Amino acid sequence: GEDHESWTKFLLSVGNGHGLSKNTNVGYITLPESVHVSKTLDELIDFVFRDFNLSAKEAILTPTNKLCAKINKICLEQFKPNAKKYVYLSEDVLKERVSEEDKSLTQEDLHKIETGGLPPHELELKVGVIVICLRNLNGREGLLNGTRIKVTALYEHRIEGIILTQGPFQGTIVYIPKIRLSTSDL
């Protein structure tokens, strides 16, 4: 409705560099009164996810991947605390070792690299959590960048889920296999 429209306009304005507060330091914005402001991460998580009755509508936007990872870790611990946690590890390798500096990189160094579009070295999941597809994996099955998927089963080399994002694929059961990903962002 009207709230959604005004929020959209506000976000576009900020994205275009407008809306910076004149009374604060550079880089700060004044949020509309309708925006909930929390003093702690736990308070924010409680407000947004309320007892973790998850749907495709709730999300916390963060300015950095590091903060996102921190919030995800807190949420995973609080979501079904006694549920089994599955851990998926990456297998990190350098395709080409061009420089002398690259030759000194260890597996541990590679595991610490964080870049957009790639999952972390250690991905922890539980059945029932919602994940977001970070890349276009398979358009014919609805596995597109930004698609929200509720995890229904976890296996050693694949994740099973149901698409929550509204559209023609909503409700579709999908399987995400362990796949090779690469980046040139390093």
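Treat the numbers as computed from the prediction; the structure is a model and nothing was measured.
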Could you tell me the separation between the SG atom of Cys68 and the CG atom of Leu61, rounded to the nearest 0.5 Å? 9.5 Å

For a side-chain contact (heavy atoms from CB on, under 4.5 Å) check, start with the C-alpha distance between Leu154 and Lys84, then their side-chain angles and the critical distance, and finish with the verdict. CA-CA 10 Å; Leu154 294 162; Lys84 182 177 179 183; over 6 Å; no

Applying side-chain contact (heavy atoms from CB on, under 4.5 Å), can you list everything that pairs with Glu156, at least two apart in sequence or on another chain? none

Going by the side chain to side chain contact (heavy atoms under 4.5 Å, CB included) test, name the single residue among Thr165, Ile162, Leu143 that passes it with Ile149. Leu143

Looking only at heavy atoms, which two atoms of Cys133 and Leu144 are closest? And how far apart? CB-O, 3.3 Å

Can you hop from Tyr155 to Val127 via hydrophobic side chains spaced under 4.5 Å? no

Is the backbone of Thr40 close enough, under 3.5 Å, to the side chain of Ser38 for a donor and an acceptor to pair up by distance? no

Same cluster for Ile179 and Tyr86 if Ile/Leu/Val/Met/Phe/Trp/Tyr side chains link at under 4.5 Å? yes

Should Leu125 and Lys85 be marked as a side-chain contact (heavy atoms from CB on, under 4.5 Å) after you check the CA-CA gap, both sets of side-chain angles, and the distance that decides it? CA-CA 6 Å; Leu125 296 173; Lys85 189 186 317 178; over 6 Å; no

For Ile60 versus Phe49, what's the shortest heavy-atom pair and its separation? CD1-CE1, 3.7 Å

Does the pair Gln78 and Ile45 meet the rule for a side-chain contact (heavy atoms from CB on, under 4.5 Å), with working shown? CA-CA 10 Å; Gln78 291 180 7; Ile45 291 166; 3.8 Å; yes

Counting N and O atoms only, with roles assigned by atom type, does the side chain of Gln170 sit under 3.5 Å from a partner on the main chain of Leu164, one being a donor and the other an acceptor? yes

Kindly give the heavy-atom pair with the smallest separation between Phe169 and Arg140, and that separation in Å. CE2-O, 3.3 Å

For Thr172, all residues meeting side-chain hydrogen bond (donor to acceptor under 3.5 Å, both in side chains), sequence neighbours excluded: none

Could you check whether any side-chain N or O of Thr152 sits under 3.5 Å from a backbone N or O of Glu160, counting only pairs where one atom can act as donor and the other as acceptor? yes

Can you pull out every salt bridge (Lys or Arg N to Asp or Glu O under 4.0 Å) where at least one residue sits in residues 161-179? Sequence neighbours excluded, please. Glu91-Lys178

Check the pair Ile130, Val151 against side-chain contact (heavy atoms from CB on, under 4.5 Å), reporting the backbone distance first and the verdict last. CA-CA 6 Å; Ile130 295 175; Val151 174; over 6 Å; no

How close do Pro177 and Arg158 get, heavy atom to heavy atom, and via which atoms? CA-CB, 3.9 Å

Please confirm whether the backbone N or O of Phe79 pairs with a side-chain atom of Lys126, one donor and one acceptor, at under 3.5 Å? yes

When you measure from the side chain of Asn136 to the backbone of Asn145, do you find a donor-acceptor pair of N or O atoms at a distance under 3.5 Å? yes

